[in-house]
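Labels below follow one simple rule: chain letters A, B, ... track the order of the sequence lines, proteins then strands, and each chain is numbered from 1. Heavy atoms only: backbone and side chains are in, while hydrogens, waters and symmetry mates are out.
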Amino acid sequence: MGADQKDMEDTHLAKERVVERPFAEFREECKGLLIGALNEEGLEFVEDDVRLAVPSVPDYGNLSFSTFSVAKKNGKNPKDLADSLASRIASYEKFLVERVESAGAGYVNFFVNYTKFAEVTLEAIRKIKEGFGRLGERDEKVIVEHTSVNPIHPIHVGGARNAVIGDTLARVLRAAGYEVSRHFYIDDVGLQVAQASYGYSKLGDVPVSGKSDHFVGFVYAVTSCAMSIKSLQREIERLKSEGKDEGVREKLGELDDWVGVASELRAKNEKVFDAVYQAISESENPEGEVADLLRRYEKKEEEAVKLIRRVSELALAGFRETLARANIEFDSWDWESELTSWNGGAETVVEWLLRTGFGRVEEGTAILDCEEVARRYGLKERYGIKGEVPPLTLKRSDGTTLYTTRDIAYTLWKFDRAERVINVISLEQKLPQLQLKLALYALGLGGLAENLVHFSYELVHLPGKKMSGRRGRYVTFDEVMDEAVERAYEEVSKRSPHLSEEERKKISEVVGVGAVRYALVAVAPNKPITFTWERVLNFEQNSGPFIQYAHARASNILAKAHQSFGGVEADYAGMSTRYERDLVVKLSLFPEVVSEAAKSLRPELIAEYANELSATFNIFYDNVPVLKTEDERLKIARLGLVEGVKTVLANALSMMGINAPTRM
RNA sequence: GGGCCCGUGGCGCAGACUGGAUAGCGCGUCGGCCUUCUAAGUCGAUGGUCGAGGGUUCAAAUCCCUCCGGGCCCGCCA
C-alpha cells in the first residue's frame with residue numbers, strides 16, 4: 001500500500017466514524033505504540049508503568065513518557081531506553097501520531113499529526129455539537145443534594161457557593177452519563193425554623209413586606225436577638241447573685257455584642273423590630289415556647305403546622321426566585337417533616353439503633369455510641385479517624401428528634417431512589433456527616449455508607465467576620481447578583497450603545513449572573529473564600545464574562561461568514577500556525593476534562609478549562625484572520641475551528657449553568 | 001487540649017490524589033498594539049529559597065515526619 005493510498009484510507013476512516021474523544025484516542029494510540037515497543041525490547045513492566053503525561057512545554061510534544069521507572073526496573077539506562085523505544089516506534093504504523101522523539105535524560109515524546117487531528121476533532125464537534133463533551137450513558141442513579149438552606153433567612157453568599165458548586169456538579173455528572181436527580185432538603189423540623197416562626201407569630205398586624213425570604217430572615221434575626229438578650233440578662237443576674245465576677249464580665253461582653261445587633265436591626269425596620277422584640281421581652285419563657293412549638297410540629301398539630309409551613313413557604317418562595325435567576329433548578333423539594341418525622345421514619349431509626357446495642361438511653365435521651373460503631377466495624381483506619389468519635393444524641397429528653405437522626409431516615413429514603421448519594425454540605429458539618437455514616441454501619445448498612453459522599457466545601461467569610469444568620473449579618477445571593485448585573489449593564493452600555501435598551505438589559509443579566517457563578521465555582525471547594533466585591537465583579541480574564549466574550553467573538557465571526565463549515569473541502573493541513581494547532585488540541589481535551597471532573601468530583605476543572613480555551617482562542621483571534629483568509633479551503637477549515645470553539649465554549653458554559661450570549 | 005482543612009511573587013488562584021525535563025495564570029505596577037472578524041482583548045517588562053526544617057527518591061511544590069501561622073469542628077444547634 002502506497003503512502004497516498006494509506007492517507008486516503010485514513011481520511012475515509014475519519015469521515016465514517018465520529019471520534020467522540022479525540023484526545024483519548026490519541027493517548028490510546030501512544031500507549032499502544034509504547035507497549036509494542038516495550039514488549040519488543042523484552043522488558044518487564046506493568047500497565048501502570050505506561051503513563052503518559054502532557055509535557056510542560058510544547059517542544060516536548062503533546063504527550064510524553066518518562067522511561068526512568070521502567071529503566072530502573074530492568075537495569076537499563078533511561079536515555080538509551082528512550083532512544084531505542086523512539087526508534088522502534090518510528091517504524092510502526094501510526095494514525096493520529098505524527099512522530100516520536102527521544103529527548104532529555106529519558107523521555108519519549110509523542111507529537112500529534114495536526115492535520116488528521118484537526119479533521120477528526122472538528123468533524124466530531126460539528127456532528128455532535130452539544131453532545132461533544134458528553135460521555136456515554138451509565139446505568140447509575142445519583143442523587144445530588146445541595147443548597148438546602150434552612151428556611152429562616154435568604155440564601156447568603158455561603159449558601160450561594162453551595163448552590164453553584166452543587167448545581168455545576170450535578171450538570172457535570174449528567175454530562176458524564178449518570179442519571180442525576182437534584183434535591184433540596186427543607187429542614188422544617190429544626191429548632192431554628194421554630195424560632196423564626198415563633199417570632200413571626202408575634203408580628204400581630206404588621207404585614208409581610210419586601211422579598212419574602214428577606215423578611216423571614218429579618219424576623220429570625222430579631223427573634224434570636226431578643227431571645228439572646230433576654231437569656232443573657234437572666235444569666236448575668238444569676239452569676240451576680242452567685243458572686244462569679246469573671247463569668248459576669250464575659251456575659252456582659254456578649255450582651256454588648258447583641259445590644260449592638262439590636263440597634264442595627266431596629267434601624268432597618270422599626271415596626272417589625274418593635275412588634276417582635278417587645279412581645280418576646282414580655283414572654284415568661286421564650287425558649288420554652290419555641291421548644292413547645294417544635295414539639296407540636298413534630299406531632300403534626302394543626303396550628304403549629306399552619307404557622308411553620310407559612311414561614312417556610314415564605315422563605316422558599318424567595319429561594320425559588322433567587323435560584324431561578326441563577327439557573328438553578330431542583331428535581332425534588334424534600335420536606336424533612338414529611339420524609340422523616342410525620343411518617344415515623346426518624347422514630348423507627350432510633351428504635352432500630354437502640355436494638356443494635358450501639359444505642360442506649362441516658363437520662364431520657366437516646367444516644368448512639370459512635371466510637372463503638374467505628375471500632376467494631378474497623379472504620380477508624382478506613383475513615384482516618386484519629387481521636388474518639390463523640391456520641392450522637394438521637395433524641396432530646398422532650399422526645400423530639402435531632403437533625404442528624406432525621407438525616408439518617410432521609411438518607412435511607414434517598415437510597416431507595418439512587419445508588420449513590422452526594423451531599424453538598426459545608427466542611428463545618430464534617431462530624432455529623434461522619435456520624436451519619438457510622439449510623440448506617442450500625443444498622444448493618446455499611447454498603448450504603450460507602451456510596452454516601454459528603455462533598456464538602458469551605459465557608460465564605462466576610463472580611464473580618466463570619467456571616468451570621470442569627471445576627472442578620474450576611475451578604476445575600478440576591479444582592480451579589482444585583483450588583484454584578486448593574487455593573488455589567490454599565491459595561492454593556494459603554495461598549496454596545498447601538499443595542500436596544502431591552503437587549504442591553506438581557507445581556508447584562510446573563511453577564512452579571514455568569515460572573516457570579518463563575519467566581520463561586522472556579523475556586524477549589526476546599527479553600528476558604530473571603531468575600532470581596534472585587535472577586536465577583538471581575539469581568540477580565542479568568543471570569544465568566546471573559547469566557548462569554550470569547551464565545552460572542554466566535555459567534556460574531558460565524559454570523560458574518562455567510563458560509564458554513566462543510567468538512568469535505570476544508571484544508572486542515574493549511575492550519576499550520578501554532579495558534580490554530582494549540583486551539584485544536586485544546587478543543588480535543590474537553591471530553592477528557594468532563595470525564596476527570598465527573599470522576600474526581602471537581603466541577604472547578606470545567607471553569608479552568610473554559611478559561612484556558614477562551615485565552616487560547618483570543619490569541620488565535622489576534623493573530624489569525626478568518627474572514628479575510630484568501631484561500632477558500634483554508635477559510636473553511638478556520639471557520640470549522642471557530643465553530644468548534646463556539647460550540648465547546650457554549651457546552652462548557654452550559655455545564656456551569658452560565659448562558660452563552662452571541663453578542664455583548 | 002484533640003481532630004480536620006489551608007499556607008505557592010504585593011493580592012487572588014492553578015499545579016499536589018497519580019513525584020519527572022525551565023513552577024503556570026489572573027489582578028496590580030510599568031511600557032506597547034484598534035483605517036484589519038467586538039480592546040470585556042492582546043504583546044512585553046516586573047515579580048516566587050512553593051510557610052520552616054528534616055527524610056524517602058535517579059528526580060519533591062507534589063510522598064513521609066516535626067514545627068510555625070490561619071480557619072473550622074469537638075452542642076439535648078444545623
How would you label the contact of [X] with the nucleic acid (heavy atoms, under 4.0 Å): base, sugar-phosphate, or nothing?
X      : answer
A/I619 : sugar-phosphate
A/F546 : sugar-phosphate
A/A552 : base
A/V492 : base

Among the nucleotides [options], which one has an atom lying closest to any side-chain atom of [X]?
X      : options             : result
A/R602 : B/C6, B/A16, B/C74  : B/A16
A/L427 : B/C76, B/C5, B/U18  : B/C5
A/K527 : B/C74, B/C76, B/G7  : B/G7
A/A524 : B/C5, B/A14, B/U18  : B/A14
A/K430 : B/C4, B/C5, B/C74   : B/C4
A/E458 : B/C17, B/G71, B/C76 : B/G71

| Residues A/E371 and A/R375 bridged, charged N to O under 4.0 Å |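 A salt bridge links A/E371 with A/R375.
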
Pair assignment for [N], Watson-Crick or G-U wobble, requiring both distances under 3.5 Å:
N     : result
B/U36 : none
B/G26 : B/C11
B/G1  : B/C74
B/U56 : none
B/A21 : none
B/C67 : B/G51
B/U62 : none

| For A/K635 and A/D631, what are the C-alpha separation, side-chain angles and deciding distance, and is it a salt bridge (charged side-chain N to carboxylate O under 4.0 Å, His left out)? | CA-CA 6 Å; A/K635 183 173 168 182; A/D631 184 295; over 6 Å; no

| task | Determine the interplanar angle of the A/F68 and A/Y107 rings, folded into 0 to 90°, and report it as parallel if under 30°, tilted if 30 to 60°, perpendicular if over 60°. | result |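 Perpendicular, since the angle between the ring planes exceeds 60°.
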
| query | Between A/G190 and A/R535, who's closer to the 5' end of RNA chain B by nearest nucleotide? | reply |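 Nearer the 5' end of the strand: A/R535.
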
| Pick the nucleotide of RNA chain B nearest each of A/E596 and A/P545; which residue has the one closer to the 5' end? |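 This one resolves to A/E596.
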
| For B/C34, glycosidic torsion class - syn if within 90° of 0, otherwise anti |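 Syn, which is what one calls it when the glycosidic angle falls within 90° of 0.
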
Whole-Å distance separating the [atom1] atom of [X] from the [atom2] atom of [N]:
X      : N     : atom1 : atom2 : value
A/Y60  : B/A23 : OH    : P     : 11 Å
A/E428 : B/G3  : CD    : P     : 20 Å
A/F617 : B/U42 : CZ    : C1'   : 13 Å
A/L520 : B/G12 : CG    : C1'   : 14 Å

| Stacked pair A/Y107-B/G20, distance under 5.5 Å, angle under 30° |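 No, the aromatic ring of A/Y107 does not stack with the base.
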
| What about A/N618: does its side chain form a donor-acceptor pair under 3.5 Å with the base of B/A39? |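 There is none.
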
| task | Taking the side chain as every heavy atom from C-beta outward, state whether A/Q195 and A/L294 have any pair of such atoms under 4.5 Å apart. | result |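 No, side chains not in contact.
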
| query | Hey, are the side chains of A/Y621 and A/V642 touching, using non-hydrogen atoms and a 4.5 Å cut-off? | reply |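 Not touching, per the 4.5 Å side-chain cut-off.
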
Please tabulate, for side-chain N and O atoms in residues 382-389 of chain A, each donor-acceptor pair with protein atoms closer than 3.5 Å (sequence neighbours left out).
{"from": "A/R382", "atom 1": "NH1", "to": "A/E450", "atom 2": "OE1", "distance (Å)": "3.0"}
{"from": "A/Y383", "atom 1": "OH", "to": "A/E450", "atom 2": "OE2", "distance (Å)": "2.7"}

| request: With a 4.0 Å heavy-atom cut-off, tell me which residues in residues 61-74 of chain A come close to RNA chain B, sorted by residue number. | output: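 Heavy-atom contacts with RNA chain B come from A/S64, A/S66, A/F68, A/S69, A/K72.
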
| request: Mind listing the residues from residues 393-410 of chain A sitting with a heavy atom below 4.0 Å of RNA chain B? Number order is fine. | output: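 RNA chain B contact set from residues 393-410 of chain A: A/T393, A/R396, A/S397, A/L402, A/Y403, A/R406.
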
| said: Tell me the closest heavy-atom pair linking A/D213 and A/P154, and the distance in Å. | reply: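 Shortest heavy-atom separation between A/D213 and A/P154 comes out as O-CD, 3.4 Å.
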
| said: If I compare all heavy atoms of A/G199 with all of A/T223, which pair ends up nearest, and what's the gap? | reply: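 Between these two residues, the closest heavy atoms are CA-OG1, 3.2 Å.
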
| message | Would you say that more than 12 heavy atoms from the other residues, nucleotides or ligands in this model lie under 6.0 Å from the CZ of A/R396, or not? | response |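 Result for CZ/A/R396: enclosed.
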
| message | Base contacts versus sugar-phosphate-only contacts with protein, heavy atoms under 4.0 Å: please encode nucleotides 25-37 of chain B as B, S and - from 5' to 3'. | response | -SS--------SB

Please check if any side-chain donor atom of [X] sits under 3.5 Å from a side-chain acceptor atom of [Y], or the reverse.
X      : Y      : value
A/D188 : A/S312 : no
A/D407 : A/Y185 : no
A/K395 : A/T365 : no

| Lys/Arg cation over aromatic A/F65: A/R51, 6.0 Å, 45° cone |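 Judged by the rule (NZ or CZ under 6.0 Å from the ring centre, within 45° of its axis), A/R51 is not positioned above A/F65.
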
| task | Answer yes or no: does a side-chain N or O of A/N526 lie under 4.0 Å from OP1 or OP2 of B/C6? | result |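 Checking B/C6 against A/N526, a side-chain N or O does come within under 4.0 Å of OP1 or OP2.
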
| Given B/C4, is OP1 or OP2 found less than 4.0 Å from the side-chain N or O atoms of A/K386? |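 Indeed, a polar side-chain atom of A/K386 lies that close.
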
Might you list the N or O atoms of the protein lying below 3.5 Å from N or O atoms in nucleotides 63-67 of chain B, with each pair's distance?
none

| said: Considering only residues two or more places apart or on different chains, which pairs with a residue in residues 607-618 of chain A satisfy side chain to side chain donor-acceptor pair (under 3.5 Å)? | reply: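 Qualifying pairs, neighbours excluded: A/R553-A/N618, A/K586-A/E612.
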
| said: Centre-to-centre under 6.0 Å for A/F531 and A/H461, is that the case here? | reply: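 No.
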
| query | What integer number of Å spans the C1' atoms of B/C30 and B/U35? | reply |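 B/C30 and B/U35 have their C1' atoms separated by 29 Å.
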
| message | When the C1' atoms of B/A14 and B/C27 are compared, how many Å lie between them, rounded to an integer? | response |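 After rounding to an integer number of Å, I get 15 Å for this pair.
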
